Amino acid sequence: MKIQLNTMIKMLTFSIIMIMGTGISRLNAQTSVNEKKSETEDTINFQQTKTIQAGLLNVGYAEIGPSKGKPVILLHGWPYDIHSFEQSSAILAKKGYRVLVPYLRGYGTTTFLSDKTMRNGQQSAVALDIIKFMDALKIEKAIIGGFDWGARTADIIAALWPERCSALVAVSGYLIGSPKANENPLPPNAEFLWWYQYYFATERGYKGYKANTQEFNKLIWKTASPKWNFDDQTYKRSSKSFDNPDHTDIVIHNYRWRLGLAKGEKQYDELEEKLAKAPDIIVPTVTLEGDANGAAFPPPASYASKYKGKYKHHTLNGGIGHNLPQEAPEAFADAIIEADLMAQ
């Protein structure tokens, strides 16, 4: 009986182990499926964008995260698009944030409501687009972050509409400017970095950019982030947004307006007058810079005093270039969370 009892105990123990093992395997398999599902859902949210009428535009945008989460609006620059934030958005969504990433005017699925509207790229027009975007989505206040054009736009919203911006993350810091301020010449090395701006000032530049948009923007990616080894698929995913019918006109007008070579619209004059005074920013702010930014950018010490509220700056090491949110998504997401905590 003792032998039979021992045998039965061994068989029962083996069965329990097998059942537990099967359960663990199924749990691991389910976890793997859920992870893949989550990654797939994140990708779908950026490939199948939503659209909402806001101000002068139908704004195309990606949305990820719980609908009742704290709103975060992330803004891209030139020549980039919403995919710069694909990975950082996923990180933030998993932390409970509601992340919205709109295409700026002239990019992706964002289009003008009227053919008669001027294809205006001046800074205040782009900023007002985002205010109207927030209004359309009934978002009273959001954490706003961005780089390049997006950082400038975020700076402007924080400066002129601080009640709409709970916290700010600005790559390369304070980028608000004016045509008058841009009349001042820069040292030769700095002027060299703006070569494309002067190219765009010519009719040859307009035609050249329109004819060679894809090649031109890929060159900018390489020179602005010299240590970022992006692959063709990564570039192609973003380059589709440059097929927007208004893209060339918006880009060229933006850079010509900065140099005082193209007029803006009177409806933005009051906003531009305020911006020309370089207004201070009072909302909690985190600024970021990469150690390998190949584009023109101001040294952090030159703009720290413009942020009068709680303020932190981080320079990221490891060959991080101009497209910081895509090159260092974890660090960018951490900066959003840090700014949020500073605002509490």
Side-chain angles (χ1 to χ4, degrees), residues 42-43 45-47 49-52 54 57 59-64 71-92 99-111 121 123 125-131 133-134 142-158 165 168-173 175 196 213-214 216-218 220-221 224-225 228 230 234-244 246-248 250-251 254-255 287-290 293 295 297 320-329 331-333 335-336:
D42 294 346
T43 301
N45 286 337
F46 276 78
Q47 291 179 347
T49 55
K50 300 179 179 180
T51 304
I52 191 167
L57 306 171
V59 178
Y61 67 101
E63 180 173 357
I64 179 173
V72 175
I73 296 175
L74 303 179
L75 306 172
H76 68 83
W78 172 85
Y80 306 93
D81 81 330
I82 64 173
H83 291 92
S84 291
F85 301 105
E86 191 166 5
Q87 293 181 58
S88 56
S89 293
I91 295 169
L92 293 169
V99 186
L100 303 115
V101 191
Y103 283 109
L104 300 185
R105 55 170 60 191
Y107 295 80
T109 55
T110 291
T111 57
Q123 59 183 357
V126 178
L128 196 57
D129 287 344
I130 304 306
I131 293 295
F133 174 67
M134 294 174 70
I143 302 165
I144 304 177
F147 73 106
D148 197 85
W149 289 22
R152 179 176 298 105
T153 303
D155 280 334
I156 291 169
I157 294 171
C165 180
L168 169 68
V169 174
V171 177
S172 297
L175 299 178
Y196 54 86
T213 307
Q214 300 299 337
F216 195 102
N217 290 346
K218 193 171 187 178
I220 297 296
W221 276 38
S225 298
W228 181 34
F230 61 88
T234 298
Y235 178 72
K236 287 179 181 178
R237 189 162 60 245
S238 290
S239 68
K240 294 176 183 177
S241 70
F242 312 143
D243 293 333
N244 183 295
D246 301 309
H247 180 75
T248 298
I250 293 295
V251 171
N254 175 282
Y255 287 104
T287 58
L288 299 171
E289 191 55 79
N293 188 351
F297 66 92
I320 306 303
H322 192 63
N323 187 5
L324 187 149
Q326 194 163 3
E327 297 175 58
F332 183 81
I336 293 289

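These numbers were taken from a predicted model, which means no experiment stands behind them.
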Excluding sequence neighbours, so at least two apart, what forms salt bridge (Lys or Arg N to Asp or Glu O under 4.0 Å) with [X]?
X	answer
Arg152	none
Glu289	none
Lys50	Glu63

Quick check against the 3.5 Å criterion: does Asn293 have a side-chain atom that pairs as donor or acceptor with the backbone of Ala295? yes
Does Trp78 offer a backbone N or O that forms a donor-acceptor pair with the side chain of Asp148 under 3.5 Å? yes
Would you indicate whether the side-chain heavy atoms of [Y] and [X] approach each other to under 4.5 Å?
X	Y	answer
Ser89	Phe46	yes
Tyr80	Trp149	no
Ile82	Tyr107	no

From the options Ile157, Leu100, Ile156, select the one residue that forms a side chain to side chain contact (heavy atoms under 4.5 Å, CB included) with Ile130. Ile157
If you measure from [atom1] on [X] to [atom2] on [Y], what distance do you get to the nearest 0.5 Å?
X	Y	atom1	atom2	result
Ser238	His76	OG	NE2	9.0 Å
Ile73	Ile143	CD1	CD1	10.0 Å
Ile131	Thr153	CD1	OG1	10.5 Å
Ile144	Ile336	CD1	CD1	9.5 Å
Leu104	Ile250	CG	CD1	10.0 Å

With [X], which residues qualify under side-chain hydrogen bond (donor to acceptor under 3.5 Å, both in side chains), at least two apart?
X	value
His83	Asp81
Thr109	Thr49
Ser239	Gln214

Relative to the ring of [Y], is the ring of [X] parallel (under 30°), tilted (30 to 60°) or perpendicular (over 60°)?
X	Y	answer
His247	Phe242	tilted
His322	Phe147	perpendicular
Phe133	Tyr61	perpendicular

Return the set of residues passing side-chain contact (heavy atoms from CB on, under 4.5 Å) with [X] (not counting sequence neighbours), or none when no residue passes.
X	result
Thr234	Trp221, Trp228, Phe230, Asp231, Arg237, Gln326
Ala333	Ser88, Ile91, Leu92
Ala335	Val169, Val286, Leu288
Ala151	Ala170, Leu175

Pair Leu57, Arg105 - check side chain to side chain contact (heavy atoms under 4.5 Å, CB included), show working. CA-CA 8 Å; Leu57 306 171; Arg105 55 170 60 191; 4.1 Å; yes
Over all heavy atoms of both residues, which pair between [X] and [Y] is shortest? Give the atoms and the distance, please.
X	Y	value
Ile320	Ala328	CD1-CB, 4.0 Å
Thr110	Gly60	OG1-N, 3.0 Å
Pro102	Val59	CB-CG1, 3.8 Å
Gly290	Leu324	N-CD1, 3.8 Å

So, using ring pair (Phe, Tyr, Trp, His ring centres under 6.0 Å) as the criterion, who are the partners of Phe297 when residues are at least two apart? none
Does Tyr103 have any ring pair (Phe, Tyr, Trp, His ring centres under 6.0 Å) partners at least two apart in sequence or in another chain, and if so, which? none
Polar contact flag, side-chain donor to acceptor under 3.5 angstrom, Ser225-Asn323: no
